[in-house]
Structure formats: C-alpha cells, structure tokens
Amino acid sequence: MIIATWNVNSLKARLTHVIDWLGEAEPDIVLLQELKLETDRFPAAEIEAAGYHAVAHGQKTYNGVAILARAPIRDVTRGLPGFDDDQARWIEGTVALGDRDIRVASLYLPNGQSVTSEKFPYKLRFLDAFEAHARAMLADATRPAVIGGDFNIAPEAVDLYDPKGWAGDVLFHPEERRRYRAVLHQGWTDAFRALHTEAGRYSWWDYRAGMWQKDHGLRIDHLLLSPEAADRLEASDIDRSPRGREKASDHTPVWVRLADSMPAGAPYGPPEEIAEAAAG
DNA sequence: ATGGCGATGGATCATCGA
C-alpha cells in the first residue's frame, strides 16, 4: 500500500492537481496539509468521485489537515491530543491495511516564522506535545502507525540547499532539530531517509527568487514509520512532477510503499525464538 | 539582496507562508 503526504497550499486552488495526482500515483492513503478552508467547505463529493473516503479538520484561511483513503477511516481524532490549540494542525484515524489496521496521522507543524517571533516558542511547545503524543502512539503495539506531514523542519544539512545560510534560522534551528531527533529516537523511522542517503532531495521550493528553477529547496515534509510499519518498508520517494505544473503548490508529494503483509520468514520475535527458527 | 511569489479575505492592500 502507498501512503503519501502533501501540503497543497489551498485545497480549493489545488483540487485539480490533487485529483490528477490521485489518478496517476494511485495512493491508498493521502495525508493533506494547508487546506485553507473550513471543514464544511471540504470538497467531499469530488474526492469521493475520485474513489476516496475523506476526513478533514479545517478552518478558514489558514492551516487545515485531512486524510484521504480508499478504505473507510475510523476512530478519527481532530487536534493534537494533550495540546490546546485553535489552529487545525492534526488529524488521525484508522484504516484497514492488508492483514491488519494501520493508524495514520496528518500533521501541519507550525512554521515558527522567525526565531524572535512569538510563533517560534509556539512551534517548540507544539513539538513538545507532539513528542509526547508520538510516544503514546508507539505504546499502542497492536497496529503499525504512520505520521506524515509538513514538519517545517529540515532534519540535517543534506536536506537544505544552503545549510550555512539557514543555520540558526527557523526550519533548521537546533531546538527544533533536537526535538525532531528525539521523536526518531523513540523508534520512528524517516521513511525517505531510510532508503536514500543522497543530499539535495527536497520537498519544498519557495515560490520566490526562482528557487524551483535553481533547485534550491528544503526537505521538510516527512513520513515517520512506527517499527511495525518500518518492517514493511518497501520503497519511498519524492514525486517532483506536481511542483513543475502551472499554479503548483510550493510543496510536492512524498510517498512510502509498505508491504500489505509481514514479509514471510522475517526473523520477528524474541531472540530465543529467532535462534530456534535459525536452528531449524 | 529581508526582496522575490502566491493564496486568502475582503479589498483595491495587508497578512501569512517557509
């Protein structure tokens, strides 16, 4: 199954691009950010006509997140648990995945604006709450989980076109990178980075100053896999083609492909059982 | 080079994004 994340920068302005991409990439689950519309303005009919169920958590003008899925989406939570927030930045739900369910979340992490802005401590507070909830999601060992979204964090120097120029600025600030790494250390896997070591692979390019044409971008959109999901990791990549279209979002989709079932013969279980299996 | 571009709401620009 294919799970994708995409900050569309207005679902209304990008609806044709989204519908087209659903047809081309045939993802099973899509996590959208920056809908920029109220929940009751969500284009449910168009999405349904494309073959997808959808749940959304929106608001006027800003933010807004959604989950699209070929299968029904159950047990939906709107808003990041444990974080009192009037901004629509988190939605999670459960979708059937092959031989068992998967828990997925769509995240639009605050940008922070600048280090001196009051929005930067808001970003760090959000990250603290995200860290706590990500840990709680891992504690639910009954099903694999995937968190996808616009994290507004470039994790490492290879993820920016000009790391020296961005050093200490929002999106590449040590305080946010430290918190992002703390989440990875809980046991989450950055799907794209697990399969690609090369520098210069980006998911966002500023509209201004010809950044797209110069390929000056940042990798700030991520798919985090719980250990059970990471065990099923088959492929992950960034699809640059939507960014090159007319009237494109400034972000482009990132996707991961997971095996529908656990690989046969994989050495899962306690060490003594693995040793027994190896001994025949 | 703190500009550049694009979307929104409600206006003929201000605000925000990253």
Side-chain angles (χ1 to χ4, degrees), chain A residues 5-19 31-43 46 56-66 85-90 106-127 130 148-177 179-180 192 200-222 238 240 242-254:
Chain A
T5 182
W6 190 6
N7 177 324
V8 292
N9 185 20
S10 168
L11 182 55
K12 184 166 177 280
R14 224 68 61 199
L15 186 56
T16 303
H17 289 205
V18 171
I19 299 292
L31 310 166
L32 298 178
Q33 301 87 36
E34 277 212 88
L35 308 182
K36 293 189 172 182
L37 46 77
E38 289 175 297
T39 305
D40 60 10
R41 296 287 186 102
F42 187 85
E46 290 88 339
H57 179 37
Q59 68 183 89
K60 195 174 178 180
T61 310
Y62 303 115
N63 311 312
V65 285
D85 195 1
D86 57 3
Q87 302 187 21
R89 297 183 173 277
W90 179 273
S106 178
L107 163 66
Y108 178 43
L109 215 135
N111 163 277
Q113 195 167 56
S114 74
V115 176
T116 54
S117 163
E118 75 280 0
K119 291 174 186 174
F120 188 61
Y122 165 67
K123 181 178 194 176
L124 298 183
R125 284 200 314 277
F126 190 104
L127 273 164
F130 170 60
D150 175 0
F151 283 68
N152 274 316
I153 298 172
E156 304 295 338
V158 291
D159 298 314
L160 303 85
Y161 70 96
D162 179 18
K164 286 179 181 170
W166 281 85
D169 211 343
V170 290
L171 310 194
F172 195 52
H173 191 280
E175 282 300 308
E176 37 190 304
R177 293 171 61 205
R179 285 166 171 82
Y180 180 82
F192 177 84
R201 299 295 309 276
Y202 309 130
S203 65
W204 170 83
W205 297 259
D206 200 311
Y207 286 123
R208 299 165 290 190
M211 297 297 225
W212 166 248
Q213 288 74 14
K214 290 185 277 194
D215 195 21
H216 287 182
L218 276 67
R219 193 176 72 91
I220 54 177
D221 300 87
H222 310 301
I238 302 169
R240 293 165 57 98
R243 183 62 180 84
R245 290 188 58 170
E246 288 292 316
K247 304 284 281 181
S249 167
D250 43 356
H251 297 252
T252 212
V254 182

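So that the names make sense, note that chain A is the first sequence line, chain B the second, and so on, each numbered from 1. None of these values were measured; they are calculated from a predicted model.
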Per-nucleotide protein contact string for nucleotides 8-18 of chain B, where B marks a base within reach and S marks sugar-phosphate only (heavy atoms under 4.0 Å, - for neither): SSS-----SBB

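- Going from the P atom of dC13(B) to that of dT2(B) covers 25 Å, rounded to whole Å.
- Contact annotation: the side chain of Pro43(A) never approaches that of Lys12(A) to less than 4.5 Å [non-hydrogen atoms, C-beta and beyond].
- In this structure, His216(A) places its NE2 atom 19 Å from P of dG4(B), rounding to the nearest Å.
- Considering only residues two or more places apart in sequence or on other chains, Asp159(A) meets the side-chain hydrogen bond (donor to acceptor under 3.5 Å, both in side chains) condition with Arg193(A), Arg219(A).
- In terms of the side-chain hydrogen bond (donor to acceptor under 3.5 Å, both in side chains) criterion, Arg125(A) has no residue partners (sequence neighbours excluded).
- With both ends at atom C1', the span from dT12(B) to dA1(B) equals 29 Å, rounded to whole Å.
- For Tyr207(A), the side-chain hydrogen bond (donor to acceptor under 3.5 Å, both in side chains) partners are Asn9(A), not counting sequence neighbours.
- The same atom, P, is picked in dG10(B) and in dC5(B); the two are 26 Å apart, to the nearest Å.
- For Tyr202(A), the side chain to side chain contact (heavy atoms under 4.5 Å, CB included) partners two or more places apart in sequence, or in a different chain, are Tyr161(A), Trp205(A), Asp215(A).
- Residue Glu246(A) contributes atom CD, which lies 14 Å from atom C1' of dC5(B) at whole-angstrom precision.
- Looking at which nucleotide of DNA chain B each of Arg14(A) and Asp169(A) is closest to, the 5′-most match is held by Asp169(A).
- Evaluation of the side-chain hydrogen bond (donor to acceptor under 3.5 Å, both in side chains) rule for Gln59(A) yields Asn63(A) as partners, not counting sequence neighbours.
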